There are 2 protein chains.
Amino acid sequence: MGTKQQITERIAGILRESKLSVTETRTKILELFMKSNGALEHSDFEKLAGQSFDRVTVYRTLQTFLDKGIIHKIPTTDTSVRYALCKSECSEHHHHDHHIHFKCEECGNTICLDETDVPQIQLPKGYAAHNVEVVVSGVCKSCK
Amino acid sequence: MGTKQQITERIAGILRESKLSVTETRTKILELFMKSNGALEHSDFEKLAGQSFDRVTVYRTLQTFLDKGIIHKIPTTDTSVRYALCKSECSEHHHHDHHIHFKCEECGNTICLDETDVPQIQLPKGYAAHNVEVVVSGVCKSCK
DNA sequence: GTAAATTTGCAACAATGTTGCAAAATAAAA
DNA sequence: TTTTATTTTGCAACATTGTTGCAAATTTAC
């Protein structure tokens, strides 16, 4: 994954590409996403960071990242909202979120299965599909 | 769909099958589900009913219906939780939620496409799938 | 280094979800 | 049908989560 220094550089690059100021909070939140290798929900940021972020700042930062296509949301059946890093093909104007999500019932982690494409769905006549979200739940590799 | 009388009878039947007391609130909430032909979220109940339910009662009623397999949740990317009626094959111990959900971007409605099966997903090695949720968003029949 | 623009943190608020408990409604028993 | 036991409801109080305005601090551009 590279040295601390390299990661910080990479993060600064991502932010500049999206025309965002490189701030401490944004850098730390992106770091958490890179380290976590899974989806994070709002409450994770205040815990994981060790230090405490301001709640409002986290909300605003996540919204900004969403707007710029740096992260995407993952559907859940509860009230939590989960976010994950987008791959490089995503941009502010075009989201290629063509992978499925896997939620492990053991460890609770949600991860993006980037190699697994979402299937074609044959809808009834009269329906037009713009986006397909797939969330599989079960037991993940590590918990098996 | 039958007369008001018939519907009330059918609802009472559903409740008794699940060993639940037949109460006014439960009956009205099930009526709303049957009328709506789509998914409902919590705030809908207080609005749709004309009268106002107690918030706590609605929460508890929905939780009870979930436990008994009368309704199921639908994943969303926001903090709202959406519920829809289960078909007859569902029970307290076994959920056959093998249909996909469609969310219309025009009217905002979410409906169950009961005829459309959930596709088989080929997961990477080491992952075991227990449940697959599919939510398609786009434009529905009525809004086209 | 200074000025302009952006971001942050606080305070205050709004919305949503939860728990305990007494009153009311429903079901079961007599 | 009336009485008793069980379940459900509604209220109050609280906890959690998300939002907005604005002044202070930070970052960027000059």
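Just so it is clear: chains get the letters A, B, ... in the order the sequence lines come, proteins before strands, and each one is counted from 1. On a predicted model such as this, the values are computed, not experimentally measured, just so you know.
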**Message:** Looking at every heavy atom in both B:C140 and B:C104, which two are closest together, and how far apart are they?
**Reply:**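 That would be N-SG, 3.5 Å.
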**Request:** Would you mind classifying the nucleic acid contact of A:S43 as base, sugar-phosphate or nothing, using non-hydrogen atoms under 4.0 angstrom?
**Result:** nothing
**Item:** Spacing of A:D44 atom CG and A:S36 atom OG [to the nearest 0.5 Å]
**Value:**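 It comes to 8.0 Å.
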Rounded distance in Å - [atom1] ([X]) to [atom2] ([N]):
X	N	atom1	atom2	answer
B:L66	C:dG17	CG	P	13 Å
A:F45	D:dT16	CZ	P	19 Å
B:R16	C:dA27	CZ	C1'	11 Å
A:Y83	D:dT17	OH	P	13 Å
A:F53	D:dT26	CZ	P	16 Å
A:D54	D:dG18	CG	C1'	13 Å
A:K68	C:dT6	NZ	C1'	12 Å
B:D78	C:dG17	CG	P	11 Å

Any idea which of [options] is nearest the [X] side chain?
X	options	result
A:Y59	D:dT17, C:dT18, C:dG17	D:dT17
B:R26	D:dT28, D:dT9, C:dC10	D:dT9
B:H42	C:dG17, D:dT27, D:dC11	C:dG17

**Prompt:** Taking NZ, NE, NH1 and NH2 as the nitrogens, is one of them in B:E31 or B:K4 under 4.0 Å from a carboxylate oxygen of the other?
**Reply:** yes
**Asked** With respect to the phosphate group of D:dT9, does any side-chain polar atom (N or O) of B:T23 fall under 4.0 Å of OP1 or OP2?
**Response**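 Yes, within the criterion.
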**Asked** Looking only at side-chain N and O atoms, does A:T57 come under 4.0 Å of OP1 or OP2 in C:dG9?
**Response**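 Yes, A:T57 has a side-chain N/O under 4.0 Å of OP1/OP2 on C:dG9.
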**Asked** Is a donor-acceptor pair below 3.5 Å formed from side chain A:R55 to base C:dG9, judging by atom type as modelled?
**Response** no
**Message:** Would the base of C:dG17 count as contacting B:R60 through its side chain, where contact means a donor and an acceptor less than 3.5 Å apart?
**Reply:**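 A donor-acceptor contact between them is absent.
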**Request:** Assign each of B:S80 and B:L20 to its nearest nucleotide of DNA chain C by heavy atoms, then name whichever residue's nucleotide is nearer the 5' end.
**Result:**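 That would be B:S80.
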**Item:** Residue whose closest nucleotide on DNA chain C lies nearer the 5' end, B:T79 versus A:T25
**Value:**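 This one resolves to A:T25.
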**Request:** Over 60° means perpendicular and under 30° means parallel, so classify the ring planes of B:H99 and B:H72, tilted if in between.
**Result:**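 Correct class here is perpendicular.
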**Asked** Which residue lies toward the 5' end of DNA chain D, B:V56 or B:K19, if each is placed at its nearest nucleotide?
**Response** B:K19
**Request:** Kindly state whether the ring of B:Y83 and the ring of B:F45 have centres lying under 6.0 angstrom apart.
**Result:** no
